[in-house]
Asks: 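Can you keep this structure in mind? I'll have questions shortly.
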Number of protein chains: 2
Amino acid sequence: MSMSGEDDGPADSGLAPEGVTNDLVELLFFAYRDFVGDPDRMLAEYGFGRAHHRVLHFVYHYPGLTIAELLDILRITKQSLNRVLKDLIEQGHIVQKTGRSDRRQRLLYCSETGATLTAELTRVQVRRVARAIADPVADEPKGARDEHGFAAAQGFLMAMIEPEERAAVRSLMARRARSRR
Amino acid sequence: MSMSGEDDGPADSGLAPEGVTNDLVELLFFAYRDFVGDPDRMLAEYGFGRAHHRVLHFVYHYPGLTIAELLDILRITKQSLNRVLKDLIEQGHIVQKTGRSDRRQRLLYCSETGATLTAELTRVQVRRVARAIADPVADEPKGARDEHGFAAAQGFLMAMIEPEERAAVRSLMARRARSRR
DNA sequence: GAGATATGTCAACATCACTGACGTATATCG
DNA sequence: CGATATACGTCAGTGATGTTGACATATCTC
């Protein structure tokens, strides 16, 4: 009797049991928190914030980006972008060049210092992700039950979390498991 | 010159080729953006924001949470928490009960309406994650080359992104691949 | 030359975070 | 019991980042 209606049929549908997926939802929160935590701290020393990081990141990795493209990527208003972009340009981390085919465009590039700074930030984030891929945290040694790819996603996300925090996250989620019974 | 493939020879280090990992870093950004996008829009109708969502989420899933525990989970100050918590209590979505073993504690619970609202938010997020696990987006049909679990992570994160946005993300990242040569 | 487009900017405002200080209720310990 | 610590609440001020709305300027397109 497929209760076909909504969506998450924990029973027989090809989809995930809800309990495990709930864990993934929370792991995503914790993983993302730590994922942006490193750059946040590094940039704070320069007086920059996460918004500056996002601009630096995309300009560094996609040199020659236009303002419009950047706005579309970041999904913020041009006023919001302009505030942080102005900081970065004034401090010489980003430079603008007038577009050659369309002189209205301001193509964005990192300066030497901007590239150095951003490479540093990227290095830290890439390292965290690469390690999480290489050494996912095996959480459920029950093996065998990963037809769906939960354990893989769970191991990856848990490995993205700061090691000292993992115990706290695990014991929190164990608490839900208990109260479900 | 090592033939075989582009450039990224993970060769000896157990770690990931940097190019692919860069993609994962960005996919994480886009995936998280869309992951929180649904609840953001739903809560905006109630005049609530993301901070309210986080409180509702953890109180709903871990009934009886204390203020201190919630502060530790969210990593914000009690002043920040209090602002949103006050909103939620005044509007009857969350109730406080004095702790029985320690009467200083205020144990947090969702009311009926709070539970209904939060279940709705959770449903949307769980659905997105469950689908991404069940139907990861196969991006590199080259197969075979996933000894490290990149393709799996990439497929999961891409599937977390709003379907209409995937083409844009793909073409953006293709642009980096091009400029690397 | 008219109108669309790309960008910059001013002003006002909302959300969500922070610090610092202080108040109250309750628990714990000597 | 009294001192001290803990859990929580709150006032006041500030900063980062987002929003809307309006308007200016340069440049492209027709």
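Residue numbers begin at 1 in each chain, while the letters A, B, ... track the order of the sequences.
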Asks: Report the relative orientation of the aromatic rings in B/F48 and B/H93; use parallel for angles under 30°, tilted for 30 to 60°, perpendicular for over 60°.
Replies: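 Correct class here is perpendicular.
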
Asks: Return the set of residues passing salt bridge (Lys or Arg N to Asp or Glu O under 4.0 Å) with A/R128 (not counting sequence neighbours), or none when no residue passes.
Replies: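 So A/R128 forms a salt bridge (Lys or Arg N to Asp or Glu O under 4.0 Å) with A/D38, A/E162.
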
Asks: End-to-end bend of the helix from C/dG1-D/dC30 to C/dG30-D/dC1 (five-pair axes, 10° rounding)?
Replies: 30°

Asks: Without decimals, in angstroms, what is the distance between A/N82 CG and D/dG21 C1'?
Replies: 16 Å

Asks: Take atom CG of A/L65 and atom C1' of C/dT7, then tell me their distance rounded to the nearest Å.
Replies: 14 Å

Asks: Output a table of donor-acceptor pairs, distance under 3.5 Å, between side-chain atoms of residues 79-91 of chain A and any protein atom two or more places apart or on a different chain; print 'none' if there are none.
Replies:
residue, atom, partner, partner atom, Å
A/S80, OG, A/T77, OG1, 3.3
A/D87, OD2, A/H52, NE2, 2.9

Asks: How many whole angstroms separate atom CG of A/L108 from atom C1' of C/dG8?
Replies: 13 Å

Asks: Do A/Q125 and A/H57 meet the criterion of a side-chain donor-acceptor pair at a distance under 3.5 Å?
Replies: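 Side chains of A/Q125 and A/H57: no pair found under 3.5 Å.
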
Asks: If you count heavy atoms of other groups shown closer than 6.0 angstrom to CD of A/E164, is the number above 12?
Replies: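 Buried by this count: over 12 neighbours within 6.0 Å.
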
Asks: Please lay out, stage by stage, how B/T122 and B/H61 fare under the test side-chain hydrogen bond (donor to acceptor under 3.5 Å, both in side chains).
Replies: CA-CA 10 Å; B/T122 294; B/H61 289 281; 3.2 Å; yes

Asks: Can you tell me how far P of C/dA6 sits from CG of A/L71, to the nearest Å?
Replies: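 So the CG-P distance, A/L71 to C/dA6, works out to 11 Å.
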
Asks: Which protein N or O atoms sit under 3.5 Å from an N or O of nucleotides 27-30 of chain D?
Replies:
residue, atom, partner, partner atom, Å
D/dT27, OP1, A/R103, NH2, 3.4
D/dC28, OP1, A/R103, N, 2.9

Asks: Answer whether the closest heavy-atom distance between the side chains of B/T98 and B/Q105 falls below 4.5 Å.
Replies: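 A side-chain contact under 4.5 Å is absent here.
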
Asks: D/dT19 P sits how many Å from A/L74 CG, rounded?
Replies: 10 Å

Asks: Does C/dG8 have OP1 or OP2 under 4.0 Å away from a side-chain N or O of A/Q96?
Replies: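 Checking C/dG8 against A/Q96, a side-chain N or O does come within under 4.0 Å of OP1 or OP2.
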
Asks: Please confirm whether the ring centroid of A/F29 lies under 6.0 Å from the ring centroid of B/F35.
Replies: no

Asks: With sequence neighbours left out, write down each residue that passes salt bridge (Lys or Arg N to Asp or Glu O under 4.0 Å) with A/R175, or none if nothing qualifies.
Replies: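 Checked A/R175 against salt bridge (Lys or Arg N to Asp or Glu O under 4.0 Å); matches are B/E69.
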
Asks: Charged N to carboxylate O below 4.0 Å: is that the case for A/R75 and B/E165?
Replies: yes

Asks: Can you tell me how far P of C/dT7 sits from CG of A/L85, to the nearest Å?
Replies: 11 Å

Asks: Taking N or O atoms only and anything under 3.5 Å, show me the protein contacts with nucleotides 15-20 of chain C, one pair per line.
Replies:
residue, atom, partner, partner atom, Å
C/dC16, OP1, B/R50, N, 3.0
C/dC16, OP1, B/A51, N, 3.4
C/dA17, OP1, B/R54, NH2, 2.4
C/dA17, N7, B/R83, NH2, 2.8
C/dC18, OP2, B/T77, N, 2.6
C/dC18, OP2, B/T77, OG1, 3.1
C/dC18, OP2, B/S80, OG, 3.4
C/dT19, O4, B/Q79, NE2, 3.4
C/dG20, O6, B/Q79, NE2, 2.7

Asks: Give me the atom names and distance for the closest heavy-atom approach of A/R33 to B/I73.
Replies: NH1-O, 3.3 Å

Asks: Rounded to the nearest Å, what distance is computed from the CG atom of residue A/L43 to the C1' atom of nucleotide D/dT17?
Replies: 15 Å

Asks: Please state how far atom CG in B/L107 lies from atom P in C/dT26, giving the value in whole angstrom units.
Replies: 14 Å

